[in-house]
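Only this structure's heavy atoms are used, side chains among them; waters, hydrogens and symmetry mates stay out. Index from 1, following the sequence.
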Amino acid sequence: MGSLVRWTTDQYAPKDRFDAWHEALNENYGRWASLPHPQPTFAASVECGIVDSFRVIECICDPCGGVRSQADVARGAEDFVALQLVLQGRERVRFAGEEFVLKPGDILVWDSARPMDFKFVEQLHKLSVGLPLARLRNWLPNRWHSIRRVIAPESGAARLLASYLQSLAPRRALDGINNGDALIETTIGLLVNALELGQSKSADCLRDVQLE
């Protein structure tokens with residue numbers, strides 16, 4: 001059975017809320033440096049569900065930003081890959097030499113092995129799924145680092161992945177779920193399908209060869 005952790009800035013005095021968010025950001029998403037917060041008030045909430053090495057995080061957060069430097073990457077623990085579904089709001093992201101503006105329905109695929117920065121331009125509601133990067137490397141040993149990073153809801157496969165991610169919201173997904181490995185394999189399979197990699201016959205995709 002998985003575990004569920006809830007966190008909110010409501011439990012802190014207003015002057016302490018942004019610093020508390022910085023700690024929550026680092027605890028749930030790896031090491032980050034938070035950008036200065038210009039507003040006098042700040043609110044955020046996080047719900048995190050964990051099953052083995054599979055993690056689901058639902059976050060609602062006021063406008064803010066963060067930077068993950070190469071030094072932060074080096075100080076991190078086990079590398080992970082994250083699939084982030086934007087439910088509401090907009091976010092600017094720079095990752096792997098590219099810059100994106102995410103809108104509701106978009107799915108961002110990023111990993112902890114490379115620097116990154118983000119900015120919420122308005123209150124953002126997002127759902128993120130994290131799993132060991134090594135598992136994605138097993139599926140795509142020579143292509144994991146160059147896959148498409150933003151999946152827009154423009155195909156049936158992309159909408160299927162988004163629907164699946166939404167079904168994993170921590171409040172309703174953990175009841176009766178106790179096999180993190182199964183969730184990891186399902187998630188990566190749906191991701192590869194949405195990236196339109198499943199029909200490749202190239203030998204550099206281990207899972208394609210196995211499925212064939």
query: What's the spacing between Lys126 NZ and Ile107 CD1 if we round to 0.5 Å?
result: 14.0 Å

Exam field: side chain Thr187 to backbone Leu183, donor-acceptor pair closer than 3.5 Å: yes

- prompt: With ILVMFWY side chains joined below 4.5 Å, transitively, what does Val101's cluster contain besides itself?
  reply: none

task: Only pairs at least two apart or in different chains count here, so list each salt bridge (Lys or Arg N to Asp or Glu O under 4.0 Å) that has a residue in residues 68-78.
output: Asp72-Arg75

- line: With sequence neighbours left out, the residues meeting side chain to side chain contact (heavy atoms under 4.5 Å, CB included) with Ala182 are Asn179

If you look only at distance, which donor and acceptor atoms sit under 3.5 Å apart when one is on a side chain in residues 113-122 and the other is two or more places apart or in another chain?
unit_1	atom_1	unit_2	atom_2	d
Arg114	NH1	His145	O	3.1
Arg114	NH2	Asp111	OD2	2.6
Asp117	OD1	Arg94	NE	3.2
Asp117	OD2	Arg94	NE	3.0
Asp117	OD2	Arg94	NH2	3.1

query: Transitive ILVMFWY cluster of Val67 at side-chain heavy atoms under 4.5 Å: who else is in it?
result: Leu35

query: Are Glu185 and Arg135 ion-paired here, with the side-chain N under 4.0 Å from a carboxylate O?
result: yes

message: I need the Leu131 CG to Ile188 CD1 distance, nearest 0.5 Å.
response: 5.0 Å

- prompt: Quick one: side chain to side chain contact (heavy atoms under 4.5 Å, CB included) partners of Ser34, sequence neighbours excluded?
  reply: Phe18, His22, Leu25

- request: Determine whether the side chains of Tyr164 and Thr186 contain a donor N or O and an acceptor N or O closer than 3.5 Å.
  value: no

May I have the list of side-chain donor-acceptor pairs in residues 46-55 shorter than 3.5 Å, sequence neighbours left out?
unit_1	atom_1	unit_2	atom_2	d
Glu47	OE1	Arg171	NE	3.1
Glu47	OE2	Arg6	NE	3.0
Asp52	OD2	Gly180	N	3.0

field: Any donor-acceptor pair under 3.5 Å from Glu23 side chain to Ala20 backbone
entry: no

query: Atom CG in Leu140, atom CG in Leu136: separation rounded to 0.5 Å?
result: 5.5 Å

- prompt: Which atoms form the tightest heavy-atom contact between Cys61 and Phe42, and what is the distance?
  reply: SG-CZ, 3.5 Å

field: ILVMFWY cluster, Leu102 and Leu87 together (side-chain gap under 4.5 Å)
entry: no

- line: Note: Arg137 and Asp79 closest approach over all heavy atoms is NH2-OD2, 4.4 Å

Shortest non-hydrogen separation from Arg149 to Phe100 and the atoms involved: CB-CZ, 3.6 Å

message: Run the ring-ring contact (aromatic ring centres under 6.0 Å, His included) test against Phe80 and tell me which residues pass, sequence neighbours left out.
response: Trp110

task: Report the C-alpha separation of Trp7 and Gln11 in whole Å, then their side-chain angles, then the decisive distance to 0.1 Å, and conclude whether the side chain to side chain contact (heavy atoms under 4.5 Å, CB included) test is met.
output: CA-CA 8 Å; Trp7 178 92; Gln11 59 191 302; 3.7 Å; yes

field: Working for side chain to side chain contact (heavy atoms under 4.5 Å, CB included), residues Leu124 and Val86
entry: CA-CA 8 Å; Leu124 194 79; Val86 177; 4.0 Å; yes

message: Ser155: which residues meet the side chain to side chain contact (heavy atoms under 4.5 Å, CB included) condition with it, sequence neighbours left out?
response: Ala157, Ala158

- request: Apply side chain to side chain contact (heavy atoms under 4.5 Å, CB included) to Ala152 and list each qualifying residue two or more places apart in sequence or on a separate chain.
  value: Asp106, Glu154

task: Of all the heavy-atom pairs spanning Gly105 and Pro153, show the shortest one and how long it is.
output: O-CD, 3.5 Å

task: Write down the atom of Tyr29, the atom of Trp32, and the distance for their closest heavy-atom approach.
output: O-NE1, 2.9 Å

- prompt: When clusters are formed by joining ILVMFWY residues with side-chain heavy atoms under 4.5 Å apart, either directly or through shared neighbours, do Leu108 and Leu165 land in the same one?
  reply: no

field: Qualifying residues under side-chain hydrogen bond (donor to acceptor under 3.5 Å, both in side chains), relative to Gln123, sequence neighbours excluded
entry: Asp62

message: I need the minimum non-hydrogen distance between Asn26 and Arg31, along with the two atoms involved.
response: OD1-CA, 3.1 Å

- request: Please identify each residue that fulfils side-chain hydrogen bond (donor to acceptor under 3.5 Å, both in side chains) with Asp19, with sequence neighbours left out.
  value: none

